[in-house]
Amino acid sequence: MGTIRMKPVDAVIVGFGWTGAIMGAELTEAGLDVVALERGGYRDTSPDFSYPQIADELAYAVRGKLFQPLARETLTVRHAMGDTAVPYRQYGSFLLGNNVGGAGVHWNGQHYRPSPEDLAFRSRIEQRYGKHFMPEDMTIQDYGVDYDELEPFLDHFERVCGTSGQAGNINGRIVEGGNPYEGFRTRDYPTPPNPNTYGAELFTKAARDLGLHPFPQPSANASQPYTNPYGARMGPCNLCGYCERFGCFMYSKASPQVSIMPVLMRRPNFTLRTESHVVRVELDSTGKRATGVTYIDAQGREVFQPAELVIVSAFQFHNVRLMLLSGIGTPYDPRTGKGVIGKNYAYQMMSHITLFYDKDQAINPFIGAGAAGSAIVDEYNSDHFDHGPHGFVGGAYIIGGQTGGRPIQQLSVPPGTPAWGAQWKRAARESYLHTAHVSTHGSVMSYRNRYLDLDPNYKDAYGLPLLRMTFDWHDNEYRMTRFLTDRALDIVRQMKPRQHSVLVRQPGDHYDVRQYQTTHTTGGVIMGTDPASSALNRYQQSWDVHNVFVTGASAFPQNLGYNPTGLIGGLTYWAAKAIRDVYLKAPGPMVQA
Amino acid sequence: MSNDDVSASRRSFLTFALAAVPAAGLLGAGTMVPAARALAAGGKPYEPHYFTPDEWAFVKAATDRLIPPSEDGPGALEAGVPEFIDRQMDDAYGHGGYWYMHGPFVPDAPATLGYQLRFTPRELYRSGIAALDRWCRSHGGKPFHERDADARDAILARMEDGSLALDGVPAKAFFTQLLDNAKEGYFADPMYGGNRGMGSWKMIGFPGARADFEDWLDRPGAVYPLGPVSIKEA
């Protein structure tokens with residue numbers, strides 16, 4: 001059977017989540033003919049996320065109706081080089097998206113910017129603490145783009161999302177009630193913060209009593225009716241409690257469907273092809289230029305889509321795998337430290353504290369949203385404090401609040417309670433309405449022996465090798481989480497619960513794929529300042545193949561203590577502007593190696 | 001308008017204000033949950049589609065101990081948990097349709113790397129129940145479902161802590177599957193066959209599929225007054 005050849009287009013986009021939609025909007029606005037290829041099906045707010053069908057914890061949160069079917073493709077995991085990796089057979093640690101909108105549908109909407117120092121993290125750490133403060137095998141790098149350059153694009157993505165929040169630093173002026181540690185912003189958030197849930201209220205008061213600076217979590221759940229720069233309209237969040245792991249029926253949580261598609265889908269120079277699974281970026285005989293992509297369509301046919309420009313904008317893992325399968329860039333070799341594709345895989349490290357109150361405290365845990373209604377303490381994130389005495393780099397934000405009270409997954413019982421039987425049942429009944437949560441959301445640095453490559457044993461539904469993750473925790477992260485958890489416990493004690501339980505990773509605990517932490521996996525196609533140490537230049541353009549751009553968290557050289565989507569959106573608009581203003585006028589490398 | 005008033009303009013309040021009863025488990029409330037009918041719709045006992053009669057007897061006898069009846073609220077049998085589990089076995093889930101199920105299988109991989117057995121959920125029940133039955137025959141002879149509550153609890157506890165050695169099936173993995181499915185059936189929307197009469201939601205005070213708290217956003221700490229609705233009723 002021969003390959004079907006489609007009509008050539010100016011640009012092809014691989015994967016239609018947040019960054020695919022942003023690139024689609026930007027490149028069609030520039031007049032390009034654009035085709036986007038999405039492996040999953042078409043999904044839209046109505047009918048796919050409609051009320052009341054969406055209020056189904058079993059189907060969405062537990063069985064994962066919006067997640068990528070692992071039956072067809074997953075990845076393998078091992079803790080160390082030399083171990084045999086085994087497949088991630090069931091969802092646990094992270095939740096991959098599928099279908100139109102990708103993970104931008106089931107995300108929480110926690111919408112952060114990086115701290116300015118996060119973007120030049122190696123330089124900052126070396127400058128403040130000296131070159132020897134970091135362990136020798138820590139391979140963190142600078143992004144190659146700084147906060148001041150990126151600010152307009154971070155701002156624009158917040159406008160697109162209708163993000164609600166309280167500014168803490170407007171052009172250098174510290175604003176009461178916001179995050180005093182944030183980088184400057186040129187103006188306020190598009191919509192004011194959503195009201196605190198009761199759990200967040202207790203947290204905020206306790207943190208203030210301790211002299212900290214709690215603020216409402218920036219949230220891509222609009223708090224008011226809002227029209228974004230594309231003209232897409234959003235409604236205010238009602239804290240329905242079916243947010244993360246679900247699509248939003250209220251048009252409140254920003255997503256490609258809510259924020260971009262209403263405009264993009266009507267453009268005559270844009271085509272979205274679903275059920276189209278890209279397996280390879282094709283290169284010409286020089287290997288320096290992409291000619292388009294090959295995908296498998298819904299009928300299982302192989303199709304070639306020629307294009308002048310290839311945007312690889314699938315989820316982080318998929319971007320890395322597609323680069324490896326396509327032979328773009330040198331695969332990373334942890335033995336020599338050479339090569340770039342698969343390098344600097346990183347994750348995040350969480351800790352959780354559950355607070356149990358007496359019956360006179362109605363926490364109402366079911367009132368909540370993925371991001372809206374929670375409160376944050378950011379004193380101990382990024383390089384906001386002197387790490388000198390603590391012996392680690394990075395940090396976490398501390399969050400108090402609630403995202404929902406869905407009883408299969410979100411019901412907690414006090415420590416020491418059996419997992420079943422009459423005692424469990426009594427505890428479930430007595431605890432449910434009176435439980436609050438405080439968590440830390442921590443960074444993970446990159447290391448020489450933590451990376452991604454192709455698995456030698458396991459295949460996907462098309463017979464192609466799965467991606468293999470080699471990852472475990474390092475001492476820097478155990479120290480970070482202990483320090484941050486102790487700071488969180490200071491707040492928890494001030495919140496005066498009757499009892500609390502703590503989940504914190506101890507030195508020696510291995511990375512456990514069964515426990516959900518975050519879906520914020522990063523690295524593998526990192527951006528940077530030179531082709532020996534990074535796969536992409538500062539415009540997310542491949543150093544090796546100039547008409548391939550790779551968007552998303554695969555570009556992060558190490559992980560942040562923040563949720564990544566705000567930075568992902570900002571970097572995508574930054575790269576899109578470079579393509580529009582520079583690349584299209586003179587296609588070629590935008591940074592000379 | 002006093003602080004205790006709620007807006008009558010909201011759809012949820014218009015529809016449900018009359019029917020609403022305070023959920024048991026609210027502050028200091030000791031209200032008994034009305035007993036839900038232990039029969040499937042139509043008044044006939046549910047007939048399992050997947051489980052054989054012996055397997056069905058085990059599923060009922062085991063879930064009855066995992067979530068026993070008590071003054072706090074309905075037990076697993078009253079809630080329809082066995083029916084939920086049987087129906088799940090015929091779903092793509094029961095066939096392992098949501099899991100990556102290609103070999104090679106490495107069942108002795110570190111537990112932190114997750115589930116590595118070759119069993120789909122329905123295979124795990126079939127093999128697990130048979131293995132437990134063999135164990136029961138060689139340890140006192142009586143099948144699991146004919147043993148008294150304390151004896152069943154003791155066996156389940158040994159499965160949970162991994163000290164019970166079953167032939168061909170890791171007891172702990174089987175127990176985890178059973179307990180996870182029991183809690184799913186107890187708390188999931190009633191349309192899946194469990195949580196009859198929303199008994200578990202009434203017990204803990206979860207309002208189910210209401211999913212609209214606009215009226216309660218500025219009332220942190222105030223007791224939410226409405227009982228649950230299911231997806232079909234919403």
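Order of the sequence lines fixes the chain letters, A, B, ..., with proteins taken first and strands second; residue numbering starts at 1 for each chain.
Per-residue heavy-atom pair counts under 4.5 Å with chain B were compared for Pro407(A), Ala461(A), Gly241(A), and the maximum is reached by Pro407(A). Residue with the most contacts toward chain A among Gly96(B), Gly103(B), Ser230(B), Ala76(B): Gly103(B) (heavy-atom pairs, distance under 4.5 Å). Taking Tyr198(A), Tyr91(A), Phe67(A) one by one and counting their heavy-atom pairs under 4.5 Å with chain B, the maximum is reached by Tyr198(A). Each of Val77(A), Asp56(A), Val62(A) has some count of heavy-atom pairs under 4.5 Å with chain B, and the biggest count is that of Asp56(A). Top candidate by heavy-atom pairs under 4.5 Å with chain B, chosen from Thr74(A), Ile367(A), Ile363(A), Asp83(A), is Ile367(A). When each of Ala428(A), Cys237(A), Ala419(A) is checked for heavy-atom pairs under 4.5 Å with chain B, Ala419(A) comes out on top. Interface remark: of the candidates Ala111(B), Pro69(B), Gly75(B), Ala111(B) forms the most heavy-atom pairs closer than 4.5 Å to chain A. Taking chain B as the reference chain and counting heavy-atom pairs below 4.5 Å, the highest number among Gln515(A), Arg406(A), Lys459(A) is found for Lys459(A).
The OH atom of Tyr98(B) sits 7.5 Å away from the CZ atom of Arg63(A) when rounded to the nearest 0.5 Å. Lys183(B) NZ to Trp420(A) CH2: the interatomic distance, rounded to the nearest 0.5 Å, is 10.5 Å. Between atom CD1 of residue Ile408(A) and atom CG of residue Asp189(B) there is a gap of 9.5 Å, rounded to the nearest 0.5 Å.
Residue contact with chain A, scored on non-hydrogen atoms closer than 4.5 Å, involves the backbone and the side chain of Pro104(B) alike. For Tyr192(B), the part sitting under 4.5 Å from any heavy atom of chain A is the side chain, from C-beta outward, and nothing else. Heavy-atom distances place no part of Ala92(B) under 4.5 Å from chain A, backbone and side chain included. Residue Tyr93(B) touches chain A through its side chain alone, counting heavy-atom pairs closer than 4.5 Å. Heavy atoms closer than 4.5 Å to chain B are found in the backbone of Asn196(A), but not in its side chain. Looking at Asp153(B), both its backbone and its side chain come within 4.5 Å of chain A, counting heavy atoms on both sides. Heavy atoms closer than 4.5 Å to chain A are found in the backbone of Ala222(B), but not in its side chain. Contacts between Ala109(B) and chain A at a heavy-atom distance below 4.5 Å involve the side chain alone, from C-beta outward.
No side-chain heavy atom of Leu113(B) sits under 4.5 Å from any side-chain heavy atom of Tyr88(A). By the 4.5 Å heavy-atom criterion applied to side chains, Glu214(B) and Leu239(A) are not counted as neighbours. Residues Tyr511(A) and Thr112(B) have side chains not in contact (no heavy-atom distance under 4.5 Å, counting atoms from C-beta outward). At least one side-chain heavy atom of Leu217(B) sits under 4.5 Å from a side-chain heavy atom of Pro195(A). For the pair Phe366(A) and Arg210(B), the minimum side-chain heavy-atom distance is 4.5 Å or more. Pro87(A) is not listed as a side-chain neighbour of His102(B), based on a closest heavy-atom distance of 4.5 Å or more. Looking only at side-chain heavy atoms (C-beta outward), Leu411(A) and Ile204(B) come within less than 4.5 Å of each other. Within the 4.5 Å cutoff, side-chain heavy atoms of Phe84(B) are placed close to those of Leu58(A).
Aromatic ring pairs are classed by plane angle as parallel below 30°, tilted from 30° to 60° and perpendicular above 60°; the pair Tyr242(A) and Phe206(B) is tilted.
Across Ile231(B) and Ala55(A), no two heavy atoms sit closer than the pair CD1-O, 3.3 Å. Cys240(A) and Ala211(B) get closest at one heavy-atom pair: CB-O, 3.1 Å.
In this structure, Arg118(B) places its CZ atom where only 12 or fewer heavy-atom neighbours from other residues, nucleotides or ligands lie under 6.0 Å away.
A cation-pi arrangement is absent between Arg89(A) and Tyr100(B), since the terminal nitrogen or guanidinium carbon is not both under 6.0 Å from the aromatic centre and inside a 45° cone about the axis.
Without hydrogens or angle criteria, Asp212(B) side chain to Asn238(A) main chain gives no donor-acceptor distance under 3.5 Å. Panel note: side chain Lys425(A), backbone Pro68(B); a donor-acceptor pair is recorded below 3.5 Å.
Remark: Arg429(A) does not engage Glu71(B) in a salt bridge, criterion side-chain N to carboxylate O under 4.0 Å.
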